Amino acid sequence: LFGEHTWGMDAKQFPRAYGEDWEKRLAAGDYAKLTASWEEKGRHALALEEVGKRLNERVAALAEAFGGWVVFNPLPWPRRLGTEEIPAGGFRVFEHDPEEIAGDDLAVDEAARSIQNQFFRVALDLEQGGISSWIDRRTGRELIAQDGGGGGNYLYQRFGRADFDWYQDAYLRQKVSWALDDFGKPGLPEDTQRGDYPITKAVLRFEREPGLVRAVLEGEAGPGTPHGVTLSVTLHAGRAHVEVACSVDAKPEPLPVAGWLAFHFALEEPRFLLGRLGGVVDPAADLVRGANHDMYCLNNGLAVIGKDGAVIGVCPLDMPLASLGRPGLLHYTRDFQSAGPRVFLNLFNNVWGTNFAQWCGPMPEAWRARLWVMDAENAAEDLARNAWEARAPLVTARGGKPCERVFARAGVAVSKPGVIVTAFGENPDGDGLVLRLWDQSGKTGDCTVTLPEGFHAETVQPCDLRGRPSGSALPVAG
């Protein structure tokens, strides 16, 4: 829901107000119809939560039927859980808790303010309010820049009239009234000034649960940042990724503001790959002049590739807008500018007019991101695979009786990395079943699809996105 004309009613049709005037109008219901339109559009994004609930219920039903623990893999390639493999698109039944398979390679060093597993060691900094060090223990390499900025830092921005004036001068061809209202904040108080603010007065605590360790950094409201911030970093036993989460207790605010999760990686002369809706793109080479080079909407994640071939993958799970090099709100750059190894994930903002939300709230429980290290040679495929493993985690359920037998059963599997299955079931537009594949890597090549055991088919008819036959039917082997 980040495209134009998707959020709700036209903000220009409602009174622009700030401070006490806005609070009174909000309490009086002057914005009730406007906020209801945002909520109606926002509910479409929550439909995925209902899909997740139904999936959990079905996995729980399997666990009740077979006993023990059941782990389901929603992706069409096999995945590891400790020493065991969860088959593509299928499940495995375990006699004991599968989290125990991963072992216990976790440690906390409170004096060093760090946590670690067999793959990574992560340390936090109370002064910077984020990650001060991220070391790959397999190579000894430091992945966070040590010259300031850190990683996983929270950044809060306020904007003033000068920011909107600059943006309108750069972006608008004609300064007609509707454009000035849509791309500005009419009536913004004169004393509203720009400012960038970090976490303040941070305290650190550690949590340990079966299969994971977590460092939690909590910052109080302070000068410039009118809300508390909680930043957590989690490592799982036997898993080669870092999970970062951020939450704020901010209240709705009509003044233009934004929140970011910022990472400064230790990579020189980086280039970037972005997992966009149509595939993986290089923003320096694949995007036309005049496009939005300051903020990108991601479909799965992004990769930062250093000149020595080191690659860091980033998958923002709840916030698809990202900027490279600097926070991109109220900037308009006609060409891609060489960006340093800084990635900014936009948590929230109320900068835009038109029919976007004019104040942020209520805030989600947390914004989450996953980080990992991968291979430069297969960066596009690895980006798609790792990002979708973050977005579609293994689903585990425990039955109410002991396991009768340990076994596994596969579903639909694909041979090409980065290809996901978006549909496999009755054809809503005609006879037969429909199988839809979506290549997330953008790499050409053959893809072999393996159907579940016991599923019989003689031919497969290729079709276009509207379900119309395209080309000749293909025979099914086996």
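Nothing here was measured: the structure is a model prediction, and the numbers come from that model.
- Within the 3.5 Å criterion, the main-chain N or O of W166 finds no donor-acceptor partner in the side chain of Y171.
- Atom CD of E127 has 12 or fewer neighbouring heavy atoms from other residues, nucleotides or ligands inside a 6.0 Å radius.
- Using a 4.5 Å heavy-atom cutoff, the side chains of L126 and R113 are in contact.
- Under the 4.0 Å criterion applied to side-chain N and carboxylate O atoms, E50 and K53 are assigned as salt-bridge partners.
- Counting only distance, with no hydrogens or angles, the side chain of R161 and the backbone of L188 share a donor-acceptor pair below 3.5 Å.
- For the atom pair NE2 of H293 and OH of Y332, the computed distance is 8.0 Å after rounding to the nearest 0.5 Å.
- Looking at F14, W22, F348, Y18 one by one, the single match for ring-ring contact (aromatic ring centres under 6.0 Å, His included) with W359 turns out to be W22.
- Using cut-offs of 30° and 60° on the angle between ring planes, the pair F336 and F272 is perpendicular.
- Between D21 and R25 there is a salt bridge, with a side-chain nitrogen of the basic residue lying less than 4.0 Å from a carboxylate oxygen of the acidic one.
- A salt bridge between R205 and E218 is present, with a side-chain N of the basic residue lying under 4.0 Å from a carboxylate O of the acidic one.
- The line from CH2 of W388 to SG of C315 is 8.5 Å long, rounded to the nearest 0.5 Å.
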- List the steps and the verdict of side chain to side chain contact (heavy atoms under 4.5 Å, CB included) for L394 and I86. CA-CA 9 Å; L394 298 171; I86 312 301; 4.3 Å; yes
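- Taking K33 as the reference, nothing meets the salt bridge (charged side-chain N to carboxylate O under 4.0 Å, His left out) condition, with sequence neighbours excluded.
- Proximity of a side-chain donor or acceptor of N299 to a complementary backbone N or O of L277 within less than 3.5 Å is not detected.
- With hydrogens and angles ignored, the 3.5 Å screen pairs no side-chain donor or acceptor of S441 with any backbone N or O of G418.
- In the model, W372 has no side-chain atom that pairs as donor or acceptor with a side-chain atom of E389 under 3.5 Å.
- Annotation for E268: atom CD does not count as buried by contact number, only 12 or fewer foreign heavy atoms lying within 6.0 Å.
- You'll find the side chain of D196 reaches within 4.5 Å of the side chain of L155, heavy atoms only.
- With a 6.0 Å radius and a threshold of 12 heavy atoms from other residues, nucleotides or ligands, R16 has its CZ atom above the threshold.
- When all heavy atoms of R158 and P226 are compared, the pair lying nearest together is NH2-CG, 3.7 Å.
- Of the charged side-chain nitrogens involved, at least one lies within less than 4.0 Å of a carboxylate oxygen, so that D182 and K12 count as a salt-bridged pair.
- Q174 contributes no side-chain N or O that, together with a main-chain N or O of V176, makes up a donor-acceptor pair within less than 3.5 Å.
- In this structure, F159 has no ring-ring contact (aromatic ring centres under 6.0 Å, His included) partners at least two apart in sequence or on a different chain.
- You'll find the side chain of V281 stays beyond 4.5 Å of the side chain of L273, heavy atoms only.
- Here D181 contributes atom CG and Q13 contributes atom CD; the two are 9.5 Å apart, rounded to the nearest 0.5 Å.
- A centroid separation of 6.0 Å or more is found between the aromatic rings of W260 and Y154.
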- Take F72 and F91 through the test ring pair (Phe, Tyr, Trp, His ring centres under 6.0 Å) and record every step on the way to the result. CA-CA 4 Å; F72 172 70; F91 64 90; 7.6 Å; no
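- With hydrogens and angles left out, the side-chain atoms of D294 and T333 include a donor and acceptor closer than 3.5 Å.
- By the ring-ring contact (aromatic ring centres under 6.0 Å, His included) test, Y156 pairs with H227, sequence neighbours left out.
- A donor-acceptor contact shorter than 3.5 Å links the side chain of N117 to the backbone of R239.
- Remark: of the listed residues R214, R370, R368, R370 is the sole one forming a salt bridge (Lys or Arg N to Asp or Glu O under 4.0 Å) with E243.
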